[in-house]
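One is the number of the first residue; the rest follow in order along the sequence.
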Amino acid sequence: MAAPQQQQQAPSQAPAPGPQLTLQAGPGQQPQLQTQAAAQAQAQAQAQAAAQAQDFDPVQRYKMLIPQLKESLQNLMKIAAQNLVQNTNIDNGQKSNDGLVQRFDKSLEEFYALCDQLELCLRLAYECLSQSFDSTKHSPNLVPTATKPDAVQTESLPYTQYLSMIKSQISCAKDIHNALLECSNKITGKIPAQGGP
């Protein structure tokens, strides 16, 4: 965007050939043009960054797709009505003056494609939310130190709860390790030794 505007501004500043008066940029105008170009480039970079952030954020992408879905649904209903009127006229033996009516299947396909994108956005948002809940549930919180009892944080756990949470995480890790070991033994055909002599 900045390049066409700079090209439009450049001819007006260039001196015209011939004996007429030439307008030259004063010392204050050149930095002003540079700052305008820099501001435009920065605004364009911010818009691109915002567009990239929307691509990664499923909620923003969902909000962006909803107006497109409404427009697609309106277009679908309009085309369906036109096709219905044309087919009714043909069935009644009347000559249709519309001639070329848009295809219903193309607009239906576009509508379903937008619905699929919305479904993917919602599934991704749900997965992100469930991962967030799981990480807050299973991640260890701070344990208050005994040296500073007055600086107890609201998110901290008492030591007994912290121990029980760590024990449950250790048992879960052992269960996963044992399941993976058993699966690898089944795949390789090794049978683990059961018991003693």
Side-chain angles (χ1 to χ4, degrees), residues 1-2 38-77 79-80 102-197:
M1 272 190 201
Q40 289 173 351
Q42 184 180 10
Q44 188 178 18
Q46 288 175 348
Q48 288 176 349
Q52 289 175 351
Q54 286 180 351
D55 287 343
F56 294 122
D57 186 13
V59 175
Q60 289 298 325
R61 178 120 173 98
Y62 178 82
K63 287 179 181 178
M64 186 182 73
L65 287 174
I66 287 293
Q68 293 177 12
L69 183 70
K70 287 180 181 178
E71 182 181 327
S72 177
L73 182 61
Q74 289 173 352
N75 188 35
L76 178 68
M77 291 298 135
I79 291 172
Q102 293 179 352
R103 292 185 54 179
F104 178 75
D105 58 343
K106 295 283 185 184
S107 59
L108 185 64
E109 185 177 324
E110 177 187 338
F111 177 74
Y112 279 138
L114 285 171
C115 287
D116 290 343
Q117 289 179 20
L118 286 170
E119 182 182 6
L120 289 175
C121 288
L122 289 175
R123 284 184 182 181
L124 182 60
Y126 178 74
E127 287 295 321
C128 291
L129 184 64
S130 65
Q131 283 183 358
S132 175
F133 283 149
D134 288 344
S135 68
T136 57
K137 179 181 176 184
H138 298 295
S139 65
N141 294 332
L142 299 175
V143 177
T145 59
T147 58
K148 297 180 183 177
D150 57 337
V152 175
Q153 297 176 351
T154 57
E155 297 178 2
S156 62
L157 289 176
Y159 189 68
T160 55
Q161 287 181 350
Y162 179 77
L163 282 178
S164 65
M165 183 177 64
I166 295 299
K167 286 178 183 177
S168 69
Q169 288 179 349
I170 290 171
S171 68
C172 181
K174 284 182 180 178
D175 291 343
I176 292 172
H177 177 267
N178 291 338
L180 289 173
L181 187 62
E182 180 181 329
C183 183
S184 67
N185 287 339
K186 284 182 180 178
I187 290 173
T188 59
K190 296 180 182 176
I191 298 174
Q194 298 285 336

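Here L122 contributes atom CG and L129 contributes atom CG; the two are 12.0 Å apart, rounded to the nearest 0.5 Å. With values rounded to the nearest 0.5 angstrom, Q169 atom CD is found 13.5 Å from K174 atom NZ. Atom OG of S168 is separated from atom CG of D175 by 11.0 Å, given to the nearest 0.5 angstrom. Atom SG of residue C183 and atom CG of residue N178 lie 12.5 Å apart, to the nearest 0.5 angstrom. Between the OH atom in Y62 and the CG atom in L69 there is a gap of 8.5 Å [rounded to 0.5 Å]. A distance of 13.0 Å separates OG of S72 from NZ of K70, quoted to the nearest 0.5 Å.
When all heavy atoms are compared, the tightest approach of P58 to C121 is CB-O, 3.4 Å. Of all non-hydrogen atoms in M64 and R61, the two that sit nearest each other are CE-NH1, 2.9 Å. The heavy-atom pair separating Q117 from L65 by the smallest distance is OE1-CD2, 3.4 Å.
Residues L118 and I66 have side chains in contact (heavy-atom distance under 4.5 Å, counting atoms from C-beta outward). When side chains are defined from C-beta on, N75 does not count as touching F111, because their heavy atoms never get closer than 4.5 Å.
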Full working for side chain to side chain contact (heavy atoms under 4.5 Å, CB included) between F104 and L76 | CA-CA 7 Å; F104 178 75; L76 178 68; 3.4 Å; yes
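In terms of modelled atom types and a separation under 3.5 Å, the side chain of S132 and the main chain of C128 share no donor-acceptor contact.
Salt-bridge annotation for R123 and E119: present, with a side-chain N of the basic residue lying under 4.0 Å from a carboxylate O of the acidic one. Between K186 and E182 a salt bridge is recorded (basic side-chain N to carboxylate O distance below 4.0 Å).
In this structure E71 satisfies the side chain to side chain donor-acceptor pair (under 3.5 Å) test with no other residue, sequence neighbours excluded.
Just one of L180, L181, I187 meets the side chain to side chain contact (heavy atoms under 4.5 Å, CB included) condition when paired with S184; it is L181.
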